Amino acid sequence: MKAVCWHGAHDVRVETVPDPKILNPRDAILKITSTTICGSDLHIYDGYIPSMKPGDIIGHEFMGEVVDVGHEVKQLRRGDRVVASSIVGCGQCFYCQQQKWSLCDNSNPNGWMQEPLFGFGTAAIFGYSHLFGGLAGSQAEYIRVPFADLGSIKVPDHLPDEQLLPISDAFPTGYMGADLCDIQPGDTVAVWGCGPVGLFTIRSAYLLGAERVIAIDRVPERLQLAREKGGAETINYEEMDAGEALKEMTGGRGPDACVDAVGLEAHGMGLEGFYDKAKQAVRLETDRPHVLRQMIVACRKGGTVVVMGVYSGFVDKMPMGAAFNKGLTLKMGQMHGQKYMPRLLEHVLNGDIDPSFVFTHTLPLDDTKHAYEIFKHKQDRCVKVLLKP
Ligand SMILES: [Zn+2]
Ligand SMILES: [Zn+2]
């Protein structure tokens, strides 16, 4: 089959590789009908995620048709159309039982590799390095899905792929970001980053009852989407100080909750931004936590700060004194896809949201290299690319 293989920073190639096979009785094989590039794939593309090996197949947001199932798969049959969660969970461990699917104890055979860094191993993620299980990714014609009954949700035929695909990863990530804000009537939520996850956080915050959402970015077309499709008020942080603007827009109190939909490669401004880039370049700091610092200072006292953008290692100059003295609640994590997918599908079927608004481009899998470039550099007004194997 054809698949997108990683060969180092900024080097992805479409290659011919062996087709996946059923390895365990609870596996299914999907023929992928649509996949995409997630913002967190850019961290792999840019070489910031450790334990990648040349030839690894990348990608984790996907949907397709079931073409084969192991003998213990009960819910799925050949020919079913499904969307699959980017996170793999076993359904039986302490964490899966509590719907904390991204913390699964059993899905990541390389969990031991995470222990020196994280203390404990976390769930496997498709196409996301050996640290996260070494599973082949979805930017390919076929994929093996472990624990397929749990990680896949059947979808009806009458909706096109672009309305359903985001239920695999970007939509539940954004939705969990809003869910962790514990939104109360009248709340204002501030969202840093208006890429697909940020846009879904905005829409989800309204679905969960926020009164106002304020979005922060610097790319005009993303801010425009946040206003027109998200219903958010927007701040371009290159034109004004985001912290000051938020204070002014909230009558001097600050937002009730703040969500980081940017992660470890934030574009810092000024001296602090330079400091992070310099430290990251010499590997003294793995992540650039500009957004995190700004959220902690901008959030109202007693508010909630949520991190959904990916961090992988260590950060410097965390304003811990501000977080502590303001009594903030910090929440974060990889999303729990299996918990959220059924309710998100229901929102789509009810017409509450049409997730296809995030896609600006459709390209064949053969053009994946070009897709990474326009997505990374936000060229050609690219917000999200639908890739067709
Ligand atoms: Zn993702
Ligand atoms: Zn589990």
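Note that ligands are numbered from 1 as they come in the structure, with each ligand's atoms numbered from 1 the same way. Note that the structure is predicted; figures quoted are calculated from it, not measured. Heavy-atom basis, side chains included; hydrogens, waters and symmetry copies ignored.
A distance-only check finds a donor-acceptor pair linking the side chain of Ser51 to the backbone of Leu131 [under 3.5 Å].
Between the SG atom of Cys38 and the OD2 atom of Asp169, the angle centred on the Zn ion (ligand 1) amounts to 100° when rounded to 10°. Angle subtended at the Zn ion (ligand 2) by Cys93 SG and Cys104 SG: 120°, rounded to 10 degrees. When rounded to 10 degrees, the angle formed at the Zn ion (ligand 2) by SG (Cys96) and SG (Cys90) equals 120°.
Using a 4.0 Å cut-off between charged nitrogen and carboxylate oxygen, Lys21 and Asp19 do not count as a salt-bridge pair. Salt bridge status for Asp161 with Arg81: present, with a side-chain N to carboxylate O gap under 4.0 Å.
Considering NZ of Lys376 and CD1 of Ile37, their distance stands at 12.0 Å, rounded to 0.5 Å.
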